[in-house]
Enquirer: 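Can you keep this structure in mind? I'll have questions shortly.
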Amino acid sequence: MARIEVIMPQLGESLTEGTIVKWYKKVGDKIKKDETLLEISTDKVDSEIPSPTDGVVTKILFKEQETIAIKTVIAEIETEADAIVTADVQPPTPSAEKAEPVIKAEPKPIEKVEKPTVDRFYSPLVLTIAREEGISMTELEKIPGTGIGGRVSKKDIMSYLQTRKTPSVIKEEIPPPIAPRVETSMKVVDAGDLVAKYPSPKYEILQMSNVIQKMAQHMVNSVAISPHVQAISECDMTNIVKYREANAQEFEKAEGYKLTYTPFIAVAIVKALKDFPLINSSVEGDKIIVKKFINLGMAVASEQGLIVPVIKNAEEKNFIGLARAINDLAVRTRSKRLVPADIEGASFTFTNYGVFGNIIGIPIIAQPNVAILGIGAIKKQPVVIDDAIAIRSISYLTLSFDHRIIDGALGGMFVERVVKYLEEFEYKF
């Protein structure tokens, strides 16, 4: 038997601690390699942490909701492997270097697994290859792995790519948009003096999660930092609605997930940001930092709250590339597969509250951005065209911008440019 010390991982370069949200195992439980051991929350994102090996959990050194410094031993696992001493457990991270992680364990006989396991750990290299080749997470989970416990190796995924006849054989869809039930992720707590003020059963006192607390503070800070001004424009989405309806089946057959309106919006935003680069900037003191890249933040509703994963270097992607990135980030957000690098570095953000049926919203700027675009629901309306009434699919776009550096003229021209690119959209699959 050998003892493995599991330590609090560093989930991002700027992070120094993490909060244990939930232990999925208790002392005495058996655990499989890559099976979820615990869930950790940082001020960036929640992540499920896999076990580094097969074994039995012999020690859990911290309770749930305790905040622990990185590199601190948080649990111990006993295993028959005799070469492992310490394991720094990391969640899958697509942005990591292309190298297979090495665990110094006594090698075990390799058995080919014909039926893939569920919730397997994927190395950074495998995840990177999957992303570059447009392989969805559901499709990846269907690939037979020859590694220990059915783990997919580089050889497995490259072999799969050679035999794959279509871009995607498994369909993975973004779940239908529903209002997030954030309260379901918060615990009822004994709040001391508050219990007397808000007695049960008339009241229920919930504890904000770490992510929700941080988000709340970010919103308060943003309102205090940036004088918010809004510009709202009407956008005729009829051509895009018709295009999407005509090409939805072909797109889903080719890509393996549904075609949404989001990539159309992302393309228009990227083009408009190139036309008005000051919108793609930040403010530090009396200096304006103009970004020469476009990292597009995309607000996604989840049970943990509102998360904003980032499409890095969006200006380098075409329509299909943006669609793939959007689907990947949305799926990984809702399945808690994001890592801090996925939600850092946005230079501009958009939020599509229209998926919930809202036609107009006034979003708060995500610091240190200087603007955020909100997209309302697309609804059929009677409009006047050439002195005649026609039924068109209309959406309202709201730009909230930082009036320290963006005046009404620039803000108004930018949102109108987004409208122009949406109304004049042209693309062929």
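Quick note: numbers below take in every heavy atom, side chains included, and nothing from hydrogens, waters or symmetry partners. Positions are given from 1, in the same order as the sequence printed here. For clarity, every value in this text was computed on a predicted model and none was experimentally measured.
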Enquirer: Answer with yes or no whether the side chains of Glu416 and Ser233 bring together a donor and an acceptor at under 3.5 Å.
Expert: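 Yes, because at least one side-chain N or O of Ser233 sits under 3.5 Å from a partner of the opposite role on Glu416.
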
Enquirer: Does any part of the side chain of Phe348, heavy atoms only, come nearer than 4.5 Å to the side chain of Leu296, both counted from C-beta?
Expert: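 Yes, close enough: below the 4.5 Å cut-off.
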
Enquirer: Assess whether a salt bridge exists between Lys33 and Asp54, defined as any Lys/Arg side-chain N lying under 4.0 Å from an Asp/Glu carboxylate O.
Expert: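 No.
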
Enquirer: Evaluate the side-chain proximity of Ile375 to Tyr396: yes if any heavy-atom separation is below 4.5 Å, no if none is.
Expert: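 No - every pair of side-chain heavy atoms lies 4.5 Å or more apart.
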
Enquirer: According to side-chain hydrogen bond (donor to acceptor under 3.5 Å, both in side chains), does anything in residues 292-301 pair up with another residue at least two apart or in another chain? List the pairs.
Expert: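 side-chain hydrogen bond (donor to acceptor under 3.5 Å, both in side chains) check on residues 292-301 returns no pairs.
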
Enquirer: Check whether more than 12 heavy atoms from other residues, nucleotides or ligands sit under 6.0 Å from atom CD1 of Ile391, and answer yes or no.
Expert: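 It does: Ile391 CD1 has more than 12 such atoms within range.
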
Enquirer: Rounded to the nearest 0.5 Å, how far apart are CE of Met8 and OG1 of Thr16?
Expert: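 Between Met8 CE and Thr16 OG1, I get 11.0 Å after rounding to 0.5 Å.
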
Enquirer: Under 4.0 Å between a side-chain nitrogen and a carboxylate oxygen: does that hold for Lys59 and Glu5?
Expert: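 No, this pair does not count.
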
Enquirer: Could Arg332 and Asp328 be called an ion pair, given the rule that one side-chain N must be under 4.0 Å from one carboxylate O?
Expert: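 Looking at Arg332 and Asp328, the cut-off is met.
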
Enquirer: Would Arg244 pass as a cation-pi partner of Tyr261, given that its NZ or CZ must be under 6.0 Å from the six-membered ring centre and within 45 degrees of the axis?
Expert: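 Because its charged atom sits under 6.0 Å from the ring centre and within 45° of the axis, Arg244 does stack over Tyr261.
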
Enquirer: Does any non-hydrogen side-chain atom of Ile365 lie less than 4.5 Å from one of Val370?
Expert: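 No, side chains not in contact.
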
Enquirer: Salt-bridged, Lys22 to Glu39, with N to O below 4.0 Å?
Expert: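 Not counted as a salt bridge, because no side-chain N and carboxylate O are separated by less than 4.0 Å.
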
Enquirer: Taking side chain as C-beta onward, heavy atoms only, is Phe264 less than 4.5 Å from Tyr243?
Expert: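 Yes, their side chains come closer than 4.5 Å.
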
Enquirer: Please identify each residue that fulfils ring pair (Phe, Tyr, Trp, His ring centres under 6.0 Å) with Phe350, with sequence neighbours left out.
Expert: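 In terms of ring pair (Phe, Tyr, Trp, His ring centres under 6.0 Å), with neighbours along the sequence ignored, Phe350 is linked to no residue.
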
Enquirer: Using the salt bridge (charged side-chain N to carboxylate O under 4.0 Å, His left out) rule, collect all pairs that involve residues 305-318, keeping only residues at least two apart or in two chains.
Expert: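 Residue pairs passing salt bridge (charged side-chain N to carboxylate O under 4.0 Å, His left out), neighbours aside: none found.
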
Enquirer: Between Gln230 and Ser400, do the side chains contain a donor N or O and an acceptor N or O under 3.5 Å apart?
Expert: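 Side chains of Ser400 and Gln230: pair found under 3.5 Å.
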
Enquirer: Looking at Lys420, I'd like to know if its NZ atom is crowded, meaning that more than 12 non-hydrogen atoms belonging to other residues, nucleotides or ligands lie closer than 6.0 Å.
Expert: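 Open: at most 12 neighbouring heavy atoms sit under 6.0 Å from NZ of Lys420.
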
Enquirer: Pairing donors with acceptors under 3.5 angstrom, does anything connect the side chains of Thr19 and Thr67?
Expert: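 Yes - a donor-acceptor pair under 3.5 Å links their side chains.
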
Enquirer: Is the Phe425 to Phe319 ring centre distance short of 6.0 Å?
Expert: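 Here the rings of Phe319 and Phe425 have centres that are less than 6.0 Å from each other.
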
Enquirer: Take Phe251 and Tyr257 through the ring-ring contact (aromatic ring centres under 6.0 Å, His included) test and state the conclusion after the steps.
Expert: CA-CA 8 Å; Phe251 179 92; Tyr257 53 88; 5.4 Å; yes

